[in-house]
Amino acid sequence: MGAWEDLKGMVSVCDKCELSRTRTNTVFGEGNPDAEIMFVGEAPGKDEDAKGRPFVGAAGKLLDKMIQGIGLARADVFIGNIIKCRPPENRDPRPEEIEACKDFLFAQISFISPKVICTLGRHSLHTLVQPDLPISRVHGKPMKWKGILCLPMYHPAAALYRRSQLDDLKFDFDQLKALMDNGFYM
Ligand code: URA
């Protein structure tokens with residue numbers, strides 16, 4: 001587990017972008033480093049920054065519920081973000097912040113070697129898979145990214161505010177369950 005702990009240590013002291021000056025805690029992500037399923041959100045919010053843990057606010061509760069709905073627990077999967085520090089006032093991450101942080105995410109992906117990466121929301125989709133892909137068109141549809149299965153999903157925060165997006169998110173999790181039941185074979 002040395003390399004994983006080393007990576008955590010590097011994230012915790014990172015000062016590669018301006019967000020290091022305003023963060024309270026870095027948010028490395030958490031869960032099973034051997035997980036088959038990896039969720040990648042956008043960036044820590046206020047609650048995550050305060051606790052140093054991903055998805056612990058209202059959106060996180062919904063994510064937990066969805067994960068339980070497919071028969072898994074939070075500890076079975078890995079939950080992380082594109083960037084590891086909170087942007088002030090929850091603004092969108094800037095391209096240079098994503099650029100500075102990307103290698104940490106890529107290192108996490110290569111360490112975990114998940115069977116599927118579920119991108120949460122359009123920022124994660126656009127950073128990981130392809131810029132400008134309309135999430136409304138591709139959500140719930142498995143695709144390949146650098147040879148890894150990827151499933152674009154709506155962000156749980158969006159689903160908290162719009163009933164239709166909650167239905168979309170449920171659909172996305174149904175597709176994830178179908179992939180699991182099919183041995184992650186696409
Ligand atoms: N939204 C995200 O994208 N990530 C978190 O960790 C929390 C909320």
Side-chain angles (χ1 to χ4, degrees), residues 7-8 11-12 14 17-20 22-33 35 37-69 72-109 112 114 116-131 133-136 138-140 145 150-162 165-166 168-170 172-173 176:
L7 187 59
K8 262 191 194 171
V11 168
S12 71
C14 178
C17 84
E18 291 215 341
L19 299 180
S20 60
T22 48
R23 73 176 178 230
T24 312
N25 288 296
T26 56
V27 180
F28 180 75
E30 68 182 18
N32 181 358
I37 302 172
M38 178 171 184
F39 291 94
V40 180
E42 179 186 333
K46 191 167 184 281
D47 297 320
E48 291 77 21
D49 174 67
K51 296 200 172 132
R53 296 181 53 211
F55 282 94
V56 288
K61 292 212 169 62
L62 178 57
L63 181 62
D64 287 348
K65 208 171 129 189
M66 293 285 161
I67 291 171
Q68 283 157 18
L72 296 175
R74 197 174 164 107
D76 295 324
V77 302
F78 187 83
I79 303 176
N81 282 304
I82 294 285
I83 64 168
K84 314 299 188 220
C85 296
R86 181 192 183 207
E89 313 301 325
N90 297 343
R91 64 160 169 74
D92 286 348
R94 295 188 176 134
E96 63 272 21
E97 292 158 358
I98 293 176
E99 202 48 47
C101 214
K102 240 163 132 176
D103 285 347
F104 289 137
L105 177 66
F106 293 160
Q108 288 177 311
I109 293 172
I112 296 170
V116 63
I117 298 174
C118 301
T119 56
L120 299 171
R122 67 191 164 86
H123 290 289
S124 176
L125 171 69
H126 293 167
T127 301
L128 263 184
V129 185
Q130 189 186 312
L133 265 186
I135 192 164
S136 56
V138 300
H139 78 95
W145 171 78
C150 236
L151 183 65
M153 292 185 163
Y154 271 104
H155 197 288
L160 285 174
Y161 296 105
R162 286 182 57 189
Q165 291 202 356
L166 180 59
D168 287 334
L169 185 61
K170 284 183 185 154
D172 297 343
F173 269 85
L176 176 57

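Because only heavy atoms are used, hydrogens play no part in the values below, and waters and symmetry mates are left out as well, while side chains stay in. Numbering of ligands and ligand atoms starts at 1, following listing order.
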- Protein residues near ligand 1, heavy-atom distance below 4.0 Å? G41, E42, A43, E48, P54, F55, N81, H155
- Message: More than 12 heavy atoms of other residues, nucleotides or ligands under 6.0 Å from CD of E30: yes or no?
- Response: yes
- Message: Below 30° counts as parallel, above 60° as perpendicular, anything between as tilted: where do the rings of F173 and F39 land?
- Response: parallel
- Distance-only polar pair, side chains of K84 and Q108, donor-acceptor under 3.5 Å: yes
- If you round to the nearest 0.5 Å, how far is OG1 of T127 from CD1 of I82? 4.0 Å
- Can you tell which of N90, T24, T22 makes a side chain to side chain donor-acceptor pair (under 3.5 Å) with D49? T24
- Message: Using the rule given for salt bridge (Lys or Arg N to Asp or Glu O under 4.0 Å), can you reason through R91 versus E97, listing the C-alpha separation, both sets of side-chain angles and the distance that settles it, and then say yes or no?
- Response: CA-CA 12 Å; R91 64 160 169 74; E97 292 158 358; 2.7 Å; yes
